[in-house]
Structure formats: structure tokens, C-alpha cells
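These notes concern the structure reproduced below.
Just so it is clear, the model here is predicted, and its values are computed rather than measured.
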Amino acid sequence: MALKIYNSLTRQKEVFEPLNAPYVGMYVCGPTVSGESHLGHARPFITFDVLYRYLLHLGYKVRYVRNITDAGHFEEEGKAAEDKITSKAILEKLEPMELVQKYTHLYHWAMDQFNNLPPSIEPTATGHIIEQIEMIKKIIADGFAYEANGSVYFDVIKYNEVYSKKNQPYGILSGRNLEDQLDTTRELDNQDEKKNKVDFALWKKAPVEHIMRWQSPWGEGFPGWHIECSAMATKYLGKKFDIHGGGMDLQFPHHECEIAQSTVCNHEMPARYWVHNNMITINGRKMGKSYNNVVKLSELFDGSHPILTQAYSPMTVRFFILQSQYRGTLDFSNEALQASEKALRRLMDAYEWLKAQSFTSDKKSTDATLDQQLKTWINELPEFMEDDLNTAKVVANLFEMVPVINSLKDKHITADAVSGATWQLVQAQLALYIEQVLGIKVESGVNKKQLNGVIHLLIEIRKEAKAKKDFATSDKIRNQLLEMGIQIKDEKDGEVSFTFS
RNA sequence: GGUCGGGUGGCCGAGUGGCUAGGCAGAGCUCUGCAAAAGCUCCCACAGCGGUUCGAAUCCGCUCUCGACCUCCA
């Protein structure tokens with residue numbers, strides 16, 4: 001068995017072979033922290049978290065780099081631009097760092113809610129301006145970029161001419177033909193600093209109102225969007241690394257441009273496997289800011305979005321995403337999430353019950369068919385994972401085992417139907433796949449409101465017991481609550497209060 | 001217009017040339033003080049039209065239809 005992943009570059013599933021086993025370098029494009037993350041953002045991070053977890057499970061030493069884009073036009077999403085030039089007081093000015101901080105924290109909080117493992121390195125674009133400038137200088141020196149009026153552009157036509165001969169034309173990743181693009185975009189062309197419409201910016205001269213700016217050999221400005229990933233990936237993973245991931249919408253132009261820049265600088269294709277997750281759709285349409293159909297993660301978790309009838313826990317959302325294979329679109333709806341919530345609860349109830357049982361390995365099986373069936377379902381789990389991370393099939397197999405576990409629980413079958421060794425196998429492998437590989441953690445369903453409700457109910461029952469002079473019951477309630485760290489106090493006015501210790 | 005990817009039962013979603021996942025919802029039964037949970041059973045779909053084949057939802061062609069991307073933007 002070997003892990004196979006779909007490589008967008010070659011358009012086929014390929015056996016994963018690290019360049020320097022057991023080390024694996026993986027770069028994933030992270031968020032732009034100028035606004036709150038939405039459900040669409042969650043998919044790549046959960047997808048690549050599962051890939052990361054699976055690689056770790058296979059024993060690889062993975063360096064997982066996921067950047068934070070904190071350089072750009074800094075204006076808070078949804079807020080109208082204010083006049084930043086005339087604003088005199090420092091505290092009145094828009095301070096990009098403040099936004100970066102706010103949304104980075106929110107993003108980290110969401111990642112944590114999803115039980116995503118933190119990446120090994122989480123570099124920021126603003127922390128790597130020097131590396132980006134150095135890279136641009138190199139590209140200019142090699143003749144693949146030019147300065148125009150304080151900005152620097154990548155010469156796509158020239159790159160294509162030179163690298164087509166080396167079997168790496170511009171457009172190799174997205175399957176685009178440069179001539180076609182020139183034809184289709186010619187009409188739109190106007191007077192521009194760029195030599196060709198297809199050229200992209202490496203460095204942009206900052207207009208006077210642009211508040212994020214840095215000194216460079218070409219004047220004050222800010223880096224183009226694509227260069228940050230090339231610079232950081234090269235710095236932390238080297239000229240060539242194993243996996244580059246991100247959403248499918250980044251394939252072009254972002255990743256295509258990365259390939260061109262990095263190839264000029266480092267003289268080789270930066271990554272070996274390009275992995276792209278598909279989009280989350282809502283009513284068949286990509287969830288995205290431009291469509292005005294985003295459901296923010298915080299709205300999902302507290303149920304405040306109008307299309308939701310209730311709040312959904314982070315694990316429900318994670319499970320919802322893992323019920324599909326990452327390369328297909330996933331259609332989101334309240335109904336679909338409700339289905340996931342119920343399914344997850346059933347799975348986890350069975351899993352947790354089984355986890356608490358103990359089996360002895362010397363017990364023989366009286367139902368060889370069932371015993372074998374369980375082993376088959378378990379043995380298929382790695383096969384499904386290794387077939388391009390087919391988490392949908394993994395989940396399906398987990399559900400095959402749920403009725404068997406529940407049958408044991410409800411004594412519809414006896415424990416000896418299955419051998420002790422097989423039960424132990426099932427216990428261990430469910431724990432491995434549910435908790436380690438899929439990263440689903442047990443959520444305690446109790447919140448403060450519910451807990452308070454329960455305590456009030458007990459106080460109520462205690463009152464009734466006291467009224468009936470049933471002091472045995474009333475004392476039992478008070479004493480046992482106290483043992484749990486909840487102290488009930490009978491106040492002078494007959495009311496009852498409680499405190500947590 | 002160009003490039004690419006889809007159309008699977010009420011909903012979400014796997015999938016393979018023949019043995020036709022899984023979840024949710026729905027129906028029946030069992031269990032059950034009531035309810036819930038749980039178990040068992042049922043619900044056999046693959047856009048349309050042709051073609052290849054002993055056999056296709058799965059391969060080919062056409063049609064219809066939906067979507068993504070198309071260079072300064074997360």
C-alpha cells in the first residue's frame with residue numbers, strides 16, 4: 001500500500017514519494033487576515049490538517065508551513081474607506097496591525113475549535129518583506145522582470161518563451177494556453193505600465209493613500225500578492241519541496257505565478273505535488289465574498305446566520321466536511337448540517353461506549369462471519385485514506401460498525417460473537433481513525449445554561465422532598481452536589497442559591 | 001468567448017464495466033410505563049438521446065444544464 005494523492009500538475013493520482021524521506025515539506029496558502037473566516041475557508045484548513053495528520057501517522061517528519069497574509073490593501077472588510085491622510089490623531093488612524101491582530105486571533109480561535117493541529121511554521125507576509133525584495137531583485141537580474149514607474153512586473157511572455165523550451169510553459173498548472181489568453185484579453189487592454197496584459201505585479205508602488213508601505217530599491221511600495229508565498233516557501237522548505245496545497249480558486253493565477261517566480265529564482269519547479277481542494281457551495285454556488293453568500297464561522301457556531309435554524313458545533317462542521325472527498329464541491333445547507341450533527345452523535349455515542357469496554361484477547365469468536373467482517377471494515381480504512389484521502393469512505397466504514405457496537409451494547413449479540421482480539425483491534429483502530437486521523441474530538445454537549453437548569457431542577461426536587469419531610473432525599477442532593485463542587489445554600493428568605501467551588 | 005470540472009434516490013454525498021457505499025429524512029416491526037435511544041426490515045437513484053459491449057450510472061459521441069477560473073485579487 002502506498003499513499004496516492006491527486007496532483008493537479010499532472011492531473012492524475014500519483015504515489016506520494018517524498019524528496020527526502022522521512023522528511024516532508026508541505027506549504028499551504030493561509031488566510032488573509034483582513035476579515036473573519038467563513039465556512040469556505042474552513043475546507044482547505046481541515047483538508048490539509050487531515051493530510052498532515054495522515055502523513056504524521058505514516059511516520060513522516062512533516063514540516064507544515066501555512067502563511068498568514070497580512071499585507072495588502074488594509075481596510076476592514078465591509079467598512080467604507082475613510083480619509084486616512086487627513087486623520088491627524090494617531091488613535092484615529094486605521095492601524096493595519098490592529099486589524100491583523102484581531103483577525104489573526106479570530107482565525108487561530110477557529111482553527112483551534114476545529115481541532116486543527118497548528119502548523120510547524122506560520123510565517124507572515126509582513127515579516128518577510130526583505131526576502132520578497134531579494135527575490136524580486138533576483139528575478140530582475142535574470143531579466144524576467146522590469147521596473148515601471150516604481151512598480152515591478154513579471155515578464156510572463158519572456159518567461160513563457162524561455163521555459164516552454166524546458167517543458168514548463170506559463171500555464172502548466174492550470175492548463176492555460178498563453179496565446180489564447182493574449183487573444184481574449186487584448187480588447188480589455190488600456191494604457192498600462194505593463195508591457196503585456198498578462199504580466200503580473202511583483203512590487204507595487206504605493207499610492208499616497210495606501211497605508212501599508214515599505215522602502216524598496218524601487219521606492220515606497222508593497223509586495224505583489226504572489227511573491228510572498230514563493231519567498232516564504234523557499235525560505236522554510238527550500239527550493240523544491242513536496243506538497244503545495246490550497247483552494248482550487250488559487251490555482252490560477254496565484255499558484256501559476258508562484259511557479260513562474262520560484263522557477264526563475266531557484267531554477268526548478270517549487271513543489272512536486274500540487275494539491276487543491278474544491279469549493280464549498282451554497283445553492284450550487286461557490287461561497288465567496290463576491291457572491292455575498294458567506295456564512296462566517298462565528299455565525300455557524302452560534303446559529304446567528306438567517307439560513308440556519310440552530311447553532312452547529314465545530315466538530316459537526318468538521319465532520320460535515322469530512323463526509324465528502326476533498327476534490328468535489330460540497331453543497332452546504334442547514335439540512336445537510338443537521339444530518340451531519342445527528343450522524344456524528346450516533347457515531348460518537350457508539351465509539352465512546354466501546355472505548356470504555358474491556359476485552360480479553362484470548363476469547364475466541366463464535367461468529368466467524370461477523371468477526372471477519374469487522375476486520376475487513378477496519379483493514380479498508382487505510383486503503384481508503386491512501387486513495388487520495390477518501391474520508392467519505394472512511395466515514396462510511398465507521399458507520400458500518402456502529403450497529404454492531406450498538407448490538408453488543410444492547411445485548412442483541414454477546415461479546416463472544418467476536419473474538420477479544422478483534423474487539424481490541426476495533427477499539428484501537430476506531431480511536432486512531434476518529435481521533436488521530438480525522439481529528440474528531442469528543443465534545444461535551446453541556447453548556448452553562450444547561451448545567452444551571454439541571455441544578456435548579458435538583459433544588460426544586462429538594463424543596464419538594466423537604467416539604468414532605470423526606471430529609472434523606474434532600475440531604476442526598478445537597479451532599480452529593482457538594483462533593484461535585486457545587487454548594488447549595490438555604491437563604492434566610494427561603495430562597496436557595498448555589499456556588500461553584 | 002477561452003480553459004477546466006460537474007449533473008447520482010426527498011436532502012448531503014461515495015463509487016465501480018456485471019456483485020449496484022454511507023449518513024439524514026420517510027415507512028413498518030421489535031424493544032419499551034410514556035418519550036427517546038437502539039436493533040431489524042423497506043425505500044434500489046444515477047440529466048436526455050444515440051453508440052460500443054453478452055452486460056454501462058460507470059467507456060465514446062451529441063444535446064441540455066450547472067458551476068469554477070480567466071491576472072492586481074481572498
Do A/Lys102 and A/Glu98 meet the salt-bridge criterion of a basic N to acidic O distance under 4.0 Å?
-> no
Describe the nucleic acid contact of A/Thr281 in one word from base, sugar-phosphate, nothing, applying a heavy-atom distance below 4.0 Å.
-> nothing
Using atom CD1 of A/Ile259 as one end and atom P of B/rU71 as the other, report the distance to the nearest whole Å.
-> 18 Å
Give a yes/no on whether any side-chain N or O of A/Asn390 is located under 4.0 angstrom from OP1 or OP2 of B/rG15.
-> yes
A/Phe252 CZ to B/rC69 P, in whole Å, measures 12 Å
Between A/Asp388 and the options A/Lys13, A/Lys4, A/Arg327, the side-chain hydrogen bond (donor to acceptor under 3.5 Å, both in side chains) test singles out A/Arg327
Of all the choices, B/rU71, B/rA68, B/rC11, which nucleotide is nearest to the side chain of A/Lys286 once you look at every atom?
-> B/rA68
Taking the same atom, C1', in B/rA47 and in B/rC66, what whole-Å distance lies between them?
-> 11 Å
What integer number of Å spans the P atoms of B/rU65 and B/rC60?
-> 22 Å
When rounded to the nearest Å, what value does the distance between C1' atoms of B/rU16 and B/rC34 take?
-> 48 Å
Taking atom C1' of B/rA38 as reference, at what distance in whole Å does atom NZ of A/Lys409 sit?
-> 8 Å
Span that lies between the P atom of B/rG55 and that of B/rC31, in whole angstrom = 50 Å
How long is the line joining CG of A/Asp155 and P of B/rU71, in whole Å?
-> 18 Å
Between C1' of B/rC72 and CD1 of A/Ile227, the distance in whole Å = 14 Å
Would you please name every residue forming a side-chain contact (heavy atoms from CB on, under 4.5 Å) with A/Thr126, sequence neighbours left out?
-> A/Asp70, A/Ala71, A/Thr124, A/Met212, A/Trp214
Base, sugar-phosphate, or nothing: which does A/Gly284 touch, judged by heavy atoms less than 4.0 Å apart?
-> sugar-phosphate
How about A/Asn67 and A/Thr69: does a side-chain donor come under 3.5 Å of a side-chain acceptor?
-> yes
Looking at every strand, decide which applies to A/Leu347 at a 4.0 Å heavy-atom threshold: base, sugar-phosphate, or nothing.
-> nothing
Give a yes/no answer on whether the side chain of A/Tyr291 brings an N or O atom under 4.0 Å of OP1 or OP2 in B/rA68.
-> yes
Given A/Arg43, A/Arg285, A/Lys286, the one that forms side chain to side chain contact (heavy atoms under 4.5 Å, CB included) with A/Met279 = A/Lys286
SB check A/Lys375 A/Asp371 (cutoff 4.0 Å) | yes
Does atom CD1 of A/Ile130 have more than 12 heavy-atom neighbours from other groups under 6.0 Å away?
-> no
Mapping A/Asp199 and A/Ala336 onto RNA chain B by nearest heavy atom, which one lands closer to the 5' end?
-> A/Ala336
For B/rG17 versus B/rC46, give the span between their C1' atoms, rounded off to a whole number of Å.
-> 15 Å
In whole angstrom, give me the gap between the P atoms of B/rC49 and B/rC64.
-> 15 Å
Is the centre of the A/His41 ring less than 6.0 Å from the centre of the A/His38 ring?
-> yes
Return the value, rounded to whole Å, for the distance between atom CD1 of A/Ile321 and atom P of B/rC12.
-> 16 Å
In dot-bracket notation, what is the pairing pattern of RNA chain B, taking Watson-Crick (N1-N3 plus N6-O4 or O6-N4) and G-U wobble (N1-O2 and O6-N3) contacts under 3.5 Å, with [ ] crossing and | for other strands?
-> (((((((..(((.....[...))).(((((.......)))))....(((((..]....))))))))))))....
Kindly say whether the aromatic ring centers of A/Phe114 and A/Phe301 come within a distance under 6.0 Å.
-> yes
Whole-Å distance separating the CG atom of A/Asn277 from the P atom of B/rA68 | 15 Å
Using the C1' atom in both, what is the distance from B/rU3 to B/rU20, to the nearest Å?
-> 35 Å
When you look at A/Ser8 and A/Gln251, which way does the side-chain hydrogen bond (donor to acceptor under 3.5 Å, both in side chains) test go after all the steps?
-> CA-CA 9 Å; A/Ser8 303; A/Gln251 200 171 343; 4.6 Å; no
Taking for each residue the nucleotide of RNA chain B bearing the nearest heavy atom, is the 5' side occupied by A/Val404 or by A/Ala201?
-> A/Val404
Could you give the distance separating B/rU58 and B/rG23 at their C1' atoms, to the nearest angstrom?
-> 23 Å
What is the per-nucleotide protein-contact pattern of nucleotides 19-24 of chain B, from the 5' end, where B denotes a base atom under 4.0 Å from a protein heavy atom, S denotes such proximity for sugar-phosphate atoms only, and - denotes neither?
-> --BSSS
Heavy-atom neighbours of A/Asn283 CG exceed 12 at 6.0 Å | no
Between A/Trp203 (CH2) and B/rU71 (P), how many Å, whole number?
-> 24 Å
